[in-house]
2 protein chains.
Amino acid sequence: MIWRDEHGKSLADHERPSVAVDVALLTLPPGGDELGVVLHERTGGHEAGRRALPGTFLHVDRRETLRDAALRALRDKVGVTGREPRQLRVFDAPDRDPRGRVLSVAHVDVVPFALLAGSAAEVVGLGSLPPLPYDHDDVVAAAVAHVRDVYRAGPDPLGLAGEEFTLLELQTVHQAVLGTPLQKDTFRRHVLPGLADTGRTREGTVGKPARTFRRR
Amino acid sequence: MIWRDEHGKSLADHERPSVAVDVALLTLPPGGDELGVVLHERTGGHEAGRRALPGTFLHVDRRETLRDAALRALRDKVGVTGREPRQLRVFDAPDRDPRGRVLSVAHVDVVPFALLAGSAAEVVGLGSLPPLPYDHDDVVAAAVAHVRDVYRAGPDPLGLAGEEFTLLELQTVHQAVLGTPLQKDTFRRHVLPGLADTGRTREGTVGKPARTFRRR
DNA sequence: CCAATAGTGTCTATCAGACAGTATGTC
DNA sequence: GACATACTGTCTGATAGACACTATTGG
């Protein structure tokens, strides 16, 4: 049976675009004071050696969702699992891909730097990004803007700081994400209502040991 | 020439989904105190008589953008032109359309009620929506949430109040959009910085005539 | 004068931001 | 005890929210 729409057309009568997903995966390199982008270097094909955001085509034949495609791209291209990519928007300029009409559903996610150890990921600071293919520069810009918005709402909403952290560690994360320095006492009062004291302290440093917290 | 990706596959080797756009077009019925949704009644086909959001398939063969497809849907299905639809997100549940794999890029826009005069549009208040097909209920919910967010930022960002308005008219619009009553004096001070006094007043009513404003 | 709506002076509670203090650890 | 870092009391200025007053029109 073939379903037809109000003009008597079936789905087969419409030319269909290819649909891809691209993921701007952001992280915080240690010691760095700015966000990093996880790229992968392409091998083979006509774009060998060029770095790009991890991405892939949607596998319609496997009834794959966009989320699953994004997770597959992260796993296969940069060896990262356990993420929760969020849609940013669809990039749909007709000439954005020279191979044909390809819509790209841009996603954003974030990963603690420690989880990248030993993976195929290459992390590049926001300030030293190479030119990226397609509209990946716009994807990164949208991703950074989105993450900054989210981080204005409360303490480490996406878990960049890990499970347990001191207030100074949390402040460092927020400063790197937002790209601006923050005041210690103001920051403390801002985030404290959203945190739970673990009862433990961070020992072994100079100065008074700091209490550690979890997100509530 | 056929471009091949890093696995030696060309675009033709991937099964492609159909891509549709759906638009939640919101308006403010006169006298009403809540947002309305512009629906169109389907004619012919297997869903005749059912009401749905205006939508259409992306015309890949015409190199159409998603924005253009959304504008075309508004023009052809409900007779509305001159809008600026914004993407909400992609709805991609594999079984959302019984005809096959169809991704829907949901859009939102807003239209002054006066511009609907004589069109094929049917406006239904948010509180009295019939069950909508596919995931159109979710689209409407996302659209309303988005418009509410936008209207928290400043005076009538999307132009629902028209060109020129009194503060009371503007307040009525905001109350209907947000679904909550607002305080006269607080509202006034909140929006005044974003308005320009026209120098004119609204005559012919009981009480002191109100000055009219434009958005700045 | 009265009714009705427009517009404003002012009080208060809250909050961001900052300074400068106190507390508690290492060396 | 010196020093470094964690934590906090408190001041200030800005802002949201609300009350109640004044202003200006039509009838």
Side-chain angles (χ1 to χ4, degrees), chain A residues 30-31 33 148-157 161-216, chain B residues 28 30-33 148-157 161-216:
Chain A
D33 54 350
R148 284 186 176 159
D149 269 358
V150 169
Y151 267 74
R152 268 180 260 274
D156 194 26
E163 275 294 299
E164 192 173 335
F165 42 77
T166 68
L167 283 171
L168 182 57
E169 289 161 2
L170 183 65
Q171 183 179 344
T172 305
V173 167
H174 275 250
Q175 287 176 159
V177 168
L178 298 179
T180 54
L182 299 170
Q183 197 101 356
K184 183 176 62 164
D185 45 7
T186 301
F187 179 76
R188 177 190 189 84
R189 276 181 261 260
H190 186 61
V191 297
L192 217 45
L195 298 178
D197 195 332
T198 63
R200 285 185 289 278
T201 55
R202 191 70 97 216
E203 307 282 346
T205 61
V206 61
K208 176 173 173 177
R211 288 146 73 189
T212 61
F213 297 84
R214 285 178 199 283
R215 290 152 55 199
R216 180 145 14 139
Chain B
L28 277 183
D33 54 351
R148 284 184 178 161
D149 269 358
V150 169
Y151 268 73
R152 267 180 261 273
D156 193 26
E163 276 293 301
E164 193 173 334
F165 42 78
T166 67
L167 284 172
L168 181 57
E169 289 161 1
L170 183 65
Q171 182 179 346
T172 305
V173 166
H174 276 249
Q175 287 176 158
V177 168
L178 298 179
T180 52
L182 299 169
Q183 198 100 357
K184 180 178 63 164
D185 44 9
T186 302
F187 180 76
R188 177 191 190 81
R189 277 181 259 260
H190 185 62
V191 297
L192 217 44
L195 298 179
D197 195 331
T198 63
R200 287 183 287 276
T201 55
R202 193 70 98 216
E203 307 283 345
T205 61
V206 61
K208 176 174 172 176
R211 289 148 72 190
T212 61
F213 297 84
R214 286 178 198 283
R215 290 152 55 199
R216 185 156 358 152

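Proteins come first, then strands; the chains are lettered A, B, ... in the order of their sequence lines, and each starts at number 1. Excluded from the calculations below are hydrogen atoms, water molecules and symmetry mates; all remaining heavy atoms, backbone and side chain alike, are included.
- Of the two residues contacting DNA chain C, namely Thr186(A) and Val206(A), the nearest-nucleotide position lying further toward the 5' end is that of Thr186(A).
- At whole-Å resolution of the value, NE2 in His174(A) and P in dA16(C) are 15 Å apart.
- Taking every side-chain heavy atom of His190(B) into account, dA16(D) is the closest of dA18(D), dA16(D), dA6(D).
- Heavy atoms of other residues, nucleotides or ligands lying less than 6.0 angstrom from CG of Asp197(A) number more than 12.
- Taking side-chain N and O atoms only, Gln183(A) has a distance below 4.0 Å to OP1 or OP2 of dA18(C).
- Counting non-hydrogen atoms of other residues, nucleotides and ligands closer than 6.0 Å to CG of Asp33(B) gives a total of 12 or fewer.
- A salt bridge is absent between Arg202(A) and Glu164(A): the closest approach of a Lys/Arg side-chain nitrogen to an acidic carboxylate oxygen does not fall below 4.0 angstrom.
- Both Ala210(A) and Arg189(A) lie near DNA chain D, and the one whose nearest nucleotide falls closer to the 5' end is Ala210(A).
- For the pair Gln171(A) CD and dC7(D) C1', the computed distance is 13 Å after rounding to whole Å.
- In this structure, the CZ atom of Arg188(A) is 13 Å from the C1' atom of dG9(D), given to the nearest Å.
- For the pair Arg152(A) and Asp149(A), the minimum side-chain heavy-atom distance is below 4.5 Å.
- Rounding to whole angstrom units, CG of residue Leu195(A) and P of dC7(D) are separated by 12 Å.
- Rounded to whole angstrom, the span from the CZ atom of Arg202(B) across to the P atom of dG26(D) amounts to 16 Å.
- Using a 4.0 Å heavy-atom cutoff across all strands shown, Arg211(B) reaches sugar-phosphate atoms only and no base atom.
- Not a single donor-acceptor pair, N or O on each side, falls under 3.5 Å between the base of dG7(C) and the side chain of Lys208(B).
- Minimum atom distance to the side chain of Lys184(A) is reached by dC7(D), of the listed dA16(D), dC7(D), dA18(C).
- One can place CD of Glu203(B) at 11 Å from C1' of dT24(D), the figure rounded to the nearest angstrom.
- Atom-to-atom, CD of Glu169(A) to P of dC7(D) comes out at 11 Å; the value is rounded to the nearest Å.
- Between the side chains of Thr212(A) and Thr198(A), at least one donor-acceptor pair of N or O atoms lies under 3.5 Å.
- Atom CG of Leu168(B) is separated from atom P of dT24(D) by 19 Å (rounded to the nearest Å).
- With hydrogens and angles ignored, no donor-acceptor pair under 3.5 angstrom links the side chain of Asp185(A) to the base of dC7(D).
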